[in-house]
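For ligands, and for the atoms within them, numbers begin at 1 and follow the listed sequence.
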Amino acid sequence: MELNGKHIVLGLSGGIACYKAAELCRALIKEGATVQVVMTEAAAQFITPVTMQALSNRPVYGSQWDAREPNNMAHINLSREADAILIAPASADFMAKLVQGRADDLLSLMCLARPIDKVPLLIAPAMNREMWAHPATQRNRAQLKADGAQLLGVGKGEQACGETGDGRMLEPQELMQDLIAFFQPKVLAGHHVLVSAGPTFEAIDPVRGITNLSSGKMGFAIARAAQEAGATVTLVAGPVALTTPRGVSRIDVVSAQDMMAACVNQADQATVFIATAAVADWRPDTSASQKIKKDGSGLVPKLGFVENPDILATLAQSSRAAKGELFCVGFAAESHDLLAHATAKRWRKNVPLLVGNIGPATFGQDDNALLLVDANGAREIPRNDKLALARLLVADIAKRLVKQSD
Ligand code: C5P
């Protein structure tokens with residue numbers, strides 16, 4: 001319930017993407033928000049207020065002359081109650097209207113009347129690709145941003161008109177994630193966070209290899225939390241079947257050596273490195289170029305191993321880390337004696353912060369518990385879902401970065 005207690009005014013202007021607003025309304029409510037729908041006359045051509053009322057469980061507003069409001073000031077009353085106004089879809093015409101400060105229908109009137117410093121305005125444009133690319137629309141988009149609105153971007157692909165390009169409204173789930181992210185404090189604004197996540201896969205031959213049970217969920221949650229906190233985020237992921245968090249750049253790798261190369265390459269721009277990956281300690285000393293065949297003799301192949309490079313220790317020893325330009329955070333997945341092992345690992349890896357967790361209790365799970373170990377001791381973050389833990393960890397790291405720069 002990521003939007004518990006939030007009151008969202010969902011504004012619909014005219015466009016075929018109105019059908020997605022129905023799904024969005026439902027999704028917002030499922031996440032705990034209350035939703036008040038306001039529609040323009042054009043929006044009501046695409047989807048009925050009856051549908052939106054049934055989904056939001058509240059009467060829909062469409063007219064500035066709505067006599068249901070005792071003071072007849074729907075535009076004031078609606079905008080004062082909102083934690084955010086989200087216009088989805090925002091048509092080209094509606095964006096132009098907002099730029100001009102026009103107010104000849106309830107939705108534009110309400111946007112103009114909103115207390116600009118208290119009630120955020122989020123805009124999800126939806127239109128034909130030519131309309132979106134038109135200099136007038138791009139000018140309006142920039143002006144809306146300059147006027148303090150939050151522009152949520154557009155999707156690319158097939159359009160209802162049959163053309164293909166930019167201008168589709170983002171999908172309901174994408175809009176919801178953007179809204180959830182919007183409400184998170186921007187404690188990492190200006191930072192570039194590099195996260196390693198998932199297992200590595202060390203090939204024995206083209207069809208076999210050594211890997212481990214890391215699901216990558218904790219690292220992906222941390223990447224999402226850092227992005228929500230305003231950071232630029234690069235996620236270097238081993239082989240996992242997880243969706244990339246919105247707004248995060250992902251680099252897929254397979255082996256520890258690939259992961260090392262990608263992390264070293266990205267670390268130049270990073271200000272924080274969070275190593276959650278379960279990197280294989282060893283790899284086969286040779287990898288056969290063809291599948292090793294069972295020949296019926298009963299003899300088994302002899303496998304030799306070499307140690308993989310330690311990515312975290314390497315970056316923690318880099319000159320940028322030494323100068324305080326790269327803050328390194330390690331993870332330790334242990335099966336027992338968490339505090340002792342995590343403390344020892346912090347020394348060994350030479351990192352300011354090491355996060356311990358019990359491996360068998362977290363691999364593949366949606367929840368976890370963390371033990372934060374630094375030079376002053378340890379602090380536990382009790383069991384919770386991984387995104388909630390990731391947000392708390394990000395907040396903790398942000399405080400350390402502020403202290404470090406003081
Ligand atoms: O040595 P161990 O694998 O227990 O250390 C765990 C921490 O070190 C994690 O943060 C992990 O991502 C990182 N690590 C690494 N490269 C390795 C091994 C571990 O970055 N080769």
Side-chain angles (χ1 to χ4, degrees), residues 193-203 209-223 225-226 233-240 242 250-267 270 272-285 305-318 320-321 326-363 368 370-374 378 381 386 389-390 393-394 396-397 400:
V193 177
L194 175 63
V195 182
S196 73
T200 62
F201 179 91
E202 312 297 330
I210 295 169
T211 186
N212 60 64
L213 290 175
S214 165
S215 64
K217 285 181 181 173
M218 193 66 227
F220 274 59
I222 289 171
V233 181
T234 306
L235 174 62
V236 177
V240 291
L242 294 175
R250 173 172 174 174
I251 301 171
D252 282 319
V253 294
V254 176
S255 68
Q257 285 174 301
D258 296 344
M259 187 174 270
M260 174 78 161
C263 288
V264 167
N265 193 15
Q266 294 298 315
V272 180
F273 174 48
I274 307 176
T276 70
V279 185
D281 290 322
W282 310 283
R283 65 178 183 276
D285 54 5
F305 290 94
V306 289
E307 196 168 314
N308 268 326
D310 193 311
I311 305 165
L312 176 62
T314 305
L315 292 188
Q317 275 163 22
S318 67
R320 295 200 56 236
L326 179 67
F327 186 84
C328 292
V329 181
F331 262 70
E334 306 294 343
S335 60
H336 60 286
D337 290 341
L338 190 54
L339 178 59
H341 284 121
T343 306
K345 199 159 285 181
R346 194 183 83 79
W347 280 108
R348 214 169 52 241
K349 305 268 178 179
N350 189 25
V351 290
L353 176 63
L354 195 120
V355 183
N357 55 177
I358 297 292
T362 180
F363 275 10
N368 196 2
L370 305 178
L371 186 70
L372 274 51
V373 180
D374 64 15
I381 308 187
K386 286 183 175 173
L389 292 177
L393 178 61
V394 157
D396 182 280
I397 292 171
R400 291 169 195 269

Inset, instruction - Among all protein heavy atoms, pick the one closest to atom 16 (N) of ligand 1 and tell me residue, atom and distance. - result: Ile311 N, 3.0 Å

Legend entry - Option from Val329, Leu389, Asp396 for which side chain to side chain contact (heavy atoms under 4.5 Å, CB included) with Val355 holds: Val329

Legend entry - Close approach, Met259 and ligand 1, non-hydrogen under 4.0 angstrom: no

Inset, instruction - Measure the distance from atom 1 (O) of ligand 1 to every protein heavy atom, then report the residue, atom name and distance (to 0.1 Å) of the closest one. - result: Lys349 NZ, 2.9 Å

Inset, instruction - Could you check atom 3 (O) of ligand 1 against the protein and tell me its nearest heavy-atom contact, residue, atom and distance included? - result: Asp281 OD1, 4.0 Å

Legend entry - Under 3.5 Å: donor-acceptor pair, side chain of Ser255, backbone of Phe201: no

Legend entry - Heavy-atom nearest option to atom 12 (O) of ligand 1, drawn from Ala332, Ala277, Ala333, Ala342: Ala277

Legend entry - Considering all heavy atoms, the nearest Ser335-Pro360 contact: CA-CD, 4.2 Å

Inset, instruction - Distance to 0.1 Å, residue and atom name: give those for the protein heavy atom nearest to atom 17 (C) of ligand 1. - result: Val279 CB, 3.5 Å

Legend entry - ligand 1 atoms in contact with Gly330 (distance to a heavy atom under 4.0 Å): 10 (O)

Inset, instruction - Say whether, by atom type as modelled, one donor and one acceptor occur between the side chain of Asn368 and the main chain of Asn357 under 3.5 angstrom. - result: no

Inset, instruction - Please name the pair of heavy atoms, one in Leu312 and one in Cys328, separated by the smallest distance, quoted to 0.1 Å. - result: CD1-CB, 4.2 Å

Legend entry - Heavy-atom nearest neighbour in the protein, as seen from atom 10 (O) of ligand 1, with distance rounded to 0.1 Å: Ala275 O, 2.5 Å

Legend entry - Protein heavy-atom partner closest to atom 9 (C) of ligand 1 - residue, atom, separation in Å: Phe331 O, 3.0 Å

Legend entry - Which segment of Pro309 sits under 4.0 Å of ligand 1 when only heavy atoms are counted: backbone

Legend entry - side chain to side chain contact (heavy atoms under 4.5 Å, CB included) evaluation trace for Asn308 with Met260: CA-CA 9 Å; Asn308 268 326; Met260 174 78 161; over 6 Å; no

Inset, instruction - Say whether, by atom type as modelled, one donor and one acceptor occur between the side chain of Thr343 and the main chain of Leu339 under 3.5 angstrom. - result: yes

Legend entry - For atom 4 (O) of ligand 1, the protein heavy atom that lies nearest, with its residue and separation: Lys345 NZ, 2.3 Å

Legend entry - Closest protein heavy atom to atom 13 (C) of ligand 1, given as residue, atom name and distance to 0.1 Å: Leu312 CB, 3.8 Å

Legend entry - Shortest non-hydrogen contact from His336 toward His341: O-ND1, 3.0 Å

